[in-house]
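Position 1 is the first residue of the sequence; numbering continues from there.
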Amino acid sequence: IELNILHAVSLFMLIIVFMTGIQTTYKVIYESDDIGFLMAQPVPVQAIFLSKFASSYVTLAAIALVFGIPVWLGYALAIKAGVGLYVLAILGLSLVLLVAHSLVTFLLLLAMRHLPGRKMKQLFIASSAVLGVLIVLVSQLASSQLARVEDPTEILEAMGKGQLERTWYL
């Protein structure tokens, strides 16, 4: 059961990175106030892109690690693990976040090659609205299902029967 919860939290963290990552990276790379100034200076484009990538990674890490790190550290504390698990949990989640952020940045650069900035903003607004409606619907469905359960241990048993331990991301 514990591993299913840990995997679900890690998956939730990745979903948050994908949902907020494109918009955050777009704002940092294309809408920052200093991008025009930096592009006019004799600074290599790679250095500008790397600094913007690192800046957006730190922003996403602050958001995503709030959801991921406490659960993993709480689990390590509960099983009285050594320092190694703490270090591995933080490094592992940071590296998974880095790979996810790299993929998000690549997808953003690919999209910006074919879509103008105004269309990207409209796409962000529309997809955020649709995603918000989906989140509300799923949470309402889950809430109604949980309200029908009389014994809370049934929920834990159902989570233990899930197949989350066979996921590819961990």
Exercise. State yes or no: do Val45 and Leu38 share one hydrophobic cluster built from I, L, V, M, F, W and Y residues joined by side-chain heavy-atom distances below 4.5 Å, directly or via other members?
Key: yes

Quiz item: Are Phe18 and Leu115 grouped together when hydrophobic residues (ILVMFWY) are joined by side-chain heavy atoms under 4.5 angstrom apart?
Solution: yes

Quiz prompt | Linked, directly or transitively: Ile35 and Val43 (ILVMFWY side chains, under 4.5 Å) | solution = yes

Quiz item: Of the non-hydrogen atoms in Val17 and His101, which two are nearest, and what is the gap between them?
Solution: CG1-N, 4.3 Å

Self-check item: Interatomic distance, Ile16 atom CD1 to Leu11 atom CG [nearest 0.5 angstrom]
Solution: 10.5 Å

Quiz item: Leu60, Val99: one ILVMFWY side-chain cluster at the under-4.5 Å cut-off?
Solution: no

Quiz prompt | Ser139 side chain to Val136 backbone, donor-acceptor under 3.5 Å | solution = yes

Exercise. Kindly work out whether a path of hydrophobic side-chain contacts (I/L/V/M/F/W/Y, heavy atoms less than 4.5 Å apart) joins Leu97 to Leu88.
Key: no

Quiz prompt | Check: Ser51 side chain, Ile48 main-chain N or O, donor-acceptor pair, under 3.5 Å | solution = yes

Practice problem: Evaluate the side chain to side chain contact (heavy atoms under 4.5 Å, CB included) criterion for residues Phe37 and Ser32: first the C-alpha distance (whole Å), next the side-chain angles of each, then the deciding distance (0.1 Å), finally the verdict. | Solution: CA-CA 10 Å; Phe37 174 75; Ser32 65; over 6 Å; no

Quiz item: Going by heavy atoms in the side chains, are Phe12 and Val71 under 4.5 Å from each other?
Solution: no

Quiz item: Which atoms form the tightest heavy-atom contact between Gly21 and Val104, and what is the distance?
Solution: C-CG1, 3.4 Å

Quiz item: Does the side chain of Ile90 come within less than 4.5 Å of Trp72's, by heavy atoms?
Solution: no

Practice problem: Find the distance between CE (Met112) and OG1 (Thr25) and round it off to the nearest 0.5 Å. | Solution: 12.0 Å

Exercise. Measure the spacing between OG of Ser56 and NZ of Lys27 and express it to the nearest 0.5 Å.
Key: 13.0 Å

Exercise. Mind checking the CG-CG spacing from Leu98 to Leu91? Nearest 0.5 Å is all I need.
Key: 11.5 Å

Quiz item: OG1/Thr105 to CD1/Ile29 distance, rounded to the nearest 0.5 angstrom?
Solution: 5.5 Å

Practice problem: Test Met13 against Ile69 for side chain to side chain contact (heavy atoms under 4.5 Å, CB included), laying out the working first. | Solution: CA-CA 10 Å; Met13 186 185 77; Ile69 290 294; over 6 Å; no

Quiz prompt | Stepwise side chain to side chain contact (heavy atoms under 4.5 Å, CB included) test for Phe53 and Ser102 | solution = CA-CA 9 Å; Phe53 179 82; Ser102 300; 3.6 Å; yes

Quiz item: Just how far is it from atom CG of Leu109 to atom CZ of Phe49, taken to the nearest 0.5 Å?
Solution: 4.5 Å

Quiz item: Should Leu73 and Leu77 be marked as a side chain to side chain contact (heavy atoms under 4.5 Å, CB included) after you check the CA-CA gap, both sets of side-chain angles, and the distance that decides it?
Solution: CA-CA 6 Å; Leu73 295 181; Leu77 190 66; over 6 Å; no

